[in-house]
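All remarks here apply to the structure that follows.
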Amino acid sequence: MTDASTPLIVGGDRGPQADSAPRPDADLLDGLNPPQREAVTYRGPALLIVAGAGSGKTRVLTHRIASLLRNREAWPSQILAITFTNKAAGEMRERVGQLVGESARGMWIATFHSACVRILRREAQQFGFTTAFTIYDSGDSRALIKRLVKEHEGDAYGLTPAAVQGKISKLKNELADAESYARQANMSDPAERVFTAIFGDYQRALQRANAFDFDDLIAQTVYLFRAFPHVADVYRRRFRHILVDEYQDTNHAQYALIHELTRPVSGASSAEPYSAGGMMIFEPEKAPELEGASLTVVGDSDQSIYAFRGADIRNISEFERDFPGARVVLLEQNYRSTQNILSAANAVISNNFDRKDKKLWTDVGAGEPIVGFTGYSQHDEAQFIADEIEKLHRAGVAYSDVAVFYRTNSQSRALEEIFIRSALPYKIMGGTKFYERAEIKDALAYLVSVANPADEMAVRRILNKPKRGIGDVTETAIARFAEDNQLTFRDALASSDALGVGPKVQAAIAHLDKVLAEATALMLPASGEITPPTAVAEGLTLLLQKSGYLDALRASRDPQDEARLENLDELVAVAREFARNNPDGTLIDFLTEVALVADAGDLDDASGSVSLMTMHTAKGLEFDTVFVTGVEEDLIPHRISAGEPGGPSEERRLFYVGVTRARKRLYLTLAMTRAQFGEVSVAMPSRFLQEIPAELIEWRQSPGDVNSRGGSGSRALNARRPGGGWGGRKDDPPALAPRSTSLDRFPNKIPAKVRDNSEMQLAAGDRIRHEDFGEGRIDAVTGEGAKRIAHVRFDSAGAKKLLIKIAPIEKL
DNA sequence: GGCGGTGGGCCCCTG
DNA sequence: GCCCACCGCC
């Protein structure tokens with residue numbers, strides 16, 4: 001079946017050859033079903049693996065790579081595997097490592113963005129950047145765009161920074177640049193004209209700052225390959241096997257990048273040896289034509305959930321047309337979930353009309369029923385989840401095997417509040433990123449000001465942080481002086497005496513200049529000298545101390561500044577950790593890692609905690625127990641999606657992704673009322689609930705229950721009724737709960753004021769009263785200090801754990 | 001130039 | 001309900 005002798009590589013750099021049978025990869029095929037085997041063993045120019053959720057996609061990919069290596073069909077350095085998330089890349093690296101050991105190290109297993117950064121760092125000088133370029137995250141680029149919109153008075157034409165940023169991003173994902181856009185724009189429309197001007201200025205500002213934004217990382221790499229074929233050929237020669245995960249989520253720029261990389265080598269390049277990644281590549285005297293790399297893509301159009309950011313589903317649906325002769329392999333057997341979960345998922349997704357029919361199946365049996373629950377408020381919903389997780393935990397389920405999903409990040413707050421109260425260990429994945437915190441961005445701006453002094457944005461950011469009396473007027477004076485004297489903004493700081501500012505301000509500027517120079521000497525010494533690995537951590541500490549940043553936070557009375565200091569300590573710790581893991585790592589390397597790894601927590605795994613995340617973040621992950629929360633109209637499907645073409649079906653796919661993450665237990669929860677924008681509104685059950693056959697869901701409390709009873713108080717005080725209820729009554733949509741009734745009595749909000757019971761003395765046997773749960777008896781007290789936990793048996797609400805410090809309790 | 005008060009907009013999802 | 005832009009005052 002497998003044609004191992006297919007001449008994949010015509011040319012001098014063919015991989016080492018295997019001698020003869022038995023196949024060294026035989027054990028890699030053990031336990032694979034026939035389509036999986038074919039996906040591992042097929043050899044040819046192009047392979048599309050259509051992999052349903054949980055069909056063993058990662059297994060197939062990693063085994064395919066291992067098989068190439070073990071059969072000596074490829075060197076590790078000839079393999080490029082691309083994923084979308086750092087997490088997926090990390091997992092793939094680990095699993096390939098388990099299969100082939102040490103040799104996994106020469107491979108590129110990277111996200112689109114990190115692969116492009118590696119290429120750009122090497123080639124930046126080819127087109128007017130330096131290797132020290134900065135990566136602007138969306139916050140950075142928004143700040144820059146905001147300034148440009150203001151300069152161009154864009155608001156007079158209805159151009160908001162957010163809209164401009166979105167449009168630029170979209171254009172870059174379609175590989176349009178400012179010039180090409182200007183050529184076809186409708187210039188009689190003044191708004192178009194201003195937008196075009198802003199776009200152009202933005203791109204020039206990036207170039208001047210020696211910076212790329214996230215979209216540029218991809219688009220500029222494509223541009224580089226197209227403009228400099230001899231550079232592209234270096235990578236085409238190097239990567240003979242390219243594998244792309246989640247192909248249904250690629251946008252046009254990413255598609256073009258893959259196309260560039262898999263083109264045949266033209267052979268028109270010069271005969272110099274190039275050094276790529278420390279690997280010298282010598283071209284043969286008479287460069288012969290070299291076939292394009294073999295391409296393997298894996299995807300599932302039912303899991304395409306990124307159309308909103310430019311993902312083009314046609315990339316996968318037209319793969320066979322793009323790559324004639326491509327083999328297609330379908331993986332439909334699911335190894336993850338129970339049949340009940342799959343039946344629900346199949347039922348929901350079959351409501352999308354524009355799809356190829358595909359049905360996941362399993363042979364593990366029906367499993368437990370799906371559990372439904374409707375709370376009175378989002379806090380009631382969260383309390384049910386916390387209680388249920390505790391119950392599972394007591395029955396032996398590890399916290400780390402449980403995940404809670406939601407549609408929007410703002411939904412995490414109610415869950416967090418209840419989880420903290422319940423002393424339930426949890427971890428938010430994604431969400432407000434560590435590196436997006438203001439103090440972290442400030443600290444990084446200090447580092448960037450040293451690493452890439454051309455980055456004016458970074459220098460402007462730290463100019464008056466901490467407050468040193470440098471305001472708008474002075475900032476403008478520095479900018480003007482820089483322009484007049486052909487200096488960078490950073491270098492202008494050295495001439496504080498020539499700015500014509502007051503003595504105090506002048507001294508402040510001089511001091512900042514001195515601190516930056518000192519840190520530069522420490523972290524970027526003159527060539528030849530060796531920097532110790534700890535230079536980054538030391539330089540960061542020096543900058544934060546001598547700039548007065550830490551002192552200002554310490555002197556502050558704002559209680560949040562204490563947390564900011566802790567975050568900065570954490571950043572220094574990350575720098576030290578980085579030095580340990582990368583003894584040769586430079587300041588630039590550190591900044592790259594920080595720019596591409598959005599969350600410091602991505603590095604260390606959330607062992608021992610429940611994982612909270614959006615359904616988008618959940619893609620590619622799996623858990624024994626999954627709670628999909630907020631299953632309400634206007635949330636999933638989201639309100640805004642209704643008006644977008646393809647919006648509702650994308651929402652359905654998103655829900656499908658959430659549901660199919662569950663291995664054994666799936667909970668679907670919702671609330672009858674939900675606070676949004678600070679006010680409480682009535683929520684309707686999601687249409688997706690009605691698409692699931694009623695017999696699959698066991699309602700602990702159905703939307704009907706909540707309505708009919710009207711809520712005679714806290715759910716926790718009511719007996720739970722199993723089954724029945726609303727699930728089956730399709731033509732009888734649940735009536736809205738009246739706004740009056742005792743619904744309002746249920747605690748819909750958590751007191752914003754942080755309570756502090758740390759002094760409360762509690763011991764086993766004591767009786768307490770809780771605001772929501774009523775009276776109960778303490779079984780035990782564990783933990784210490786701020787983390788003391790009371791294990792309480794409430795008279796009517798059952799057993800709960802409470803974080804004593806903040807629990808709304810009183811001793812009786 | 002810094003600070004505190006106020007009112008509008010907002011919250012969809014990512015590297 | 002929270003963040004941020006803006007304004008008026010010191």
Side-chain angles (χ1 to χ4, degrees), chain A residues 82-89 110-117 135-143 146 150 155 160-162 166 169 173 212-218 246 249-251 253-254 304-311 405-414 417 429-433 435-436 438 463-464 466-475 501-502 504-505 508 558 592-599 602 613-620 630 634-644 647 650-651 653-655 657-658 674-680 748-750 752:
Chain A
I82 300 184
T83 63
F84 270 83
T85 66
N86 294 303
K87 207 173 175 88
T111 63
F112 269 105
H113 291 88
S114 60
C116 287
V117 169
I135 301 164
Y136 277 12
D137 68 18
S138 46
D140 299 325
S141 75
R142 185 162 52 247
K146 198 182 269 178
K150 208 171 216 169
D155 54 345
T160 63
S169 173
N173 286 334
F212 296 103
D213 65 22
F214 268 136
D215 300 314
D216 275 344
L217 294 178
I218 316 286
E246 308 280 14
D249 285 333
T250 49
N251 60 34
Q254 289 158 337
S304 158
I305 55 175
Y306 284 114
F308 73 91
R309 65 169 196 208
F405 302 156
Y406 35 82
R407 176 65 176 84
T408 72
N409 277 309
S410 60
Q411 288 168 253
S412 70
R413 192 182 301 150
E417 283 165 352
M429 318 290 285
T432 306
K433 319 269 195 298
Y435 294 114
E436 280 172 16
L463 199 56
N464 199 32
K467 301 228 153 49
R468 28 172 97 85
I470 304 176
D472 263 357
V473 178
T474 309
E475 189 176 329
V501 295
K504 266 172 97 171
V505 175
D558 184 345
T592 301
E593 171 150 324
V594 167
L596 296 178
V597 179
D599 185 355
D602 278 5
M613 67 192 85
T614 64
M615 288 185 224
H616 283 90
T617 307
K619 191 163 73 154
D634 290 351
L635 220 43
I636 176 85
H638 197 274
R639 173 165 36 94
I640 295 174
S641 73
E644 290 165 10
E650 178 147 321
E651 295 290 304
R653 289 193 293 267
L654 182 59
F655 184 71
V657 165
R674 189 167 292 275
Q676 252 179 330
F677 299 118
E679 37 185 55
V680 179
N748 217 338
K749 51 172 177 281
I750 300 290

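A, B, ... follow the sequence lines: proteins, then strands. Residue 1 opens every chain. Note that these values count all heavy atoms, side chains included, but never hydrogens, waters or copies made by symmetry. It should be emphasised that the depicted structure is a prediction, and the values quoted were computed from it without experimental measurement.
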Which of these nucleotides, [options], is closest to any side-chain atom of [X]?
X	options	value
A/Thr474	B/dG1, B/dC12, B/dT14	B/dG1
A/His638	B/dC12, B/dC11, B/dT14	B/dC12
A/Asn409	B/dC11, B/dT14, B/dG2	B/dT14
A/Thr111	B/dG15, B/dG2, B/dT14	B/dG15
A/Phe677	B/dT14, B/dC11, C/dA5	B/dC11
A/Thr614	B/dC12, B/dG15, B/dT14	B/dT14
A/Lys467	B/dC11, B/dG2, B/dG15	B/dG2
A/Thr85	B/dC11, C/dC6, B/dG15	B/dG15
A/Arg639	B/dG2, B/dC12, C/dA5	B/dC12
A/Arg413	B/dC13, C/dG1, B/dG15	C/dG1

Quiz prompt | Side-chain donor/acceptor of A/Arg407 to base of B/dC12, under 3.5 Å | solution = yes
Practice problem: Please determine if a side-chain N or O atom of A/Asn86 lies less than 4.0 Å away from the OP1 or OP2 oxygen of B/dT14. | Solution: no
Quiz item: Who passes ring-ring contact (aromatic ring centres under 6.0 Å, His included) against A/Tyr136, sequence neighbours left out?
Solution: none
Self-check item: Residues which pass ring-ring contact (aromatic ring centres under 6.0 Å, His included) with A/His638, listed by chain and number, not counting sequence neighbours
Solution: none
Quiz item: Is there side-chain contact between A/Leu654 and A/His616, with at least one heavy-atom pair below 4.5 Å?
Solution: yes
Practice problem: Indicate whether A/Phe308 forms a stack on B/dC12; treat it as stacked only if centroid distance is below 5.5 angstrom and interplanar angle below 30 degrees. | Solution: no
Quiz item: Between OG of A/Ser114 and CD of A/Glu593, what distance do you get to the nearest 0.5 Å?
Solution: 10.0 Å
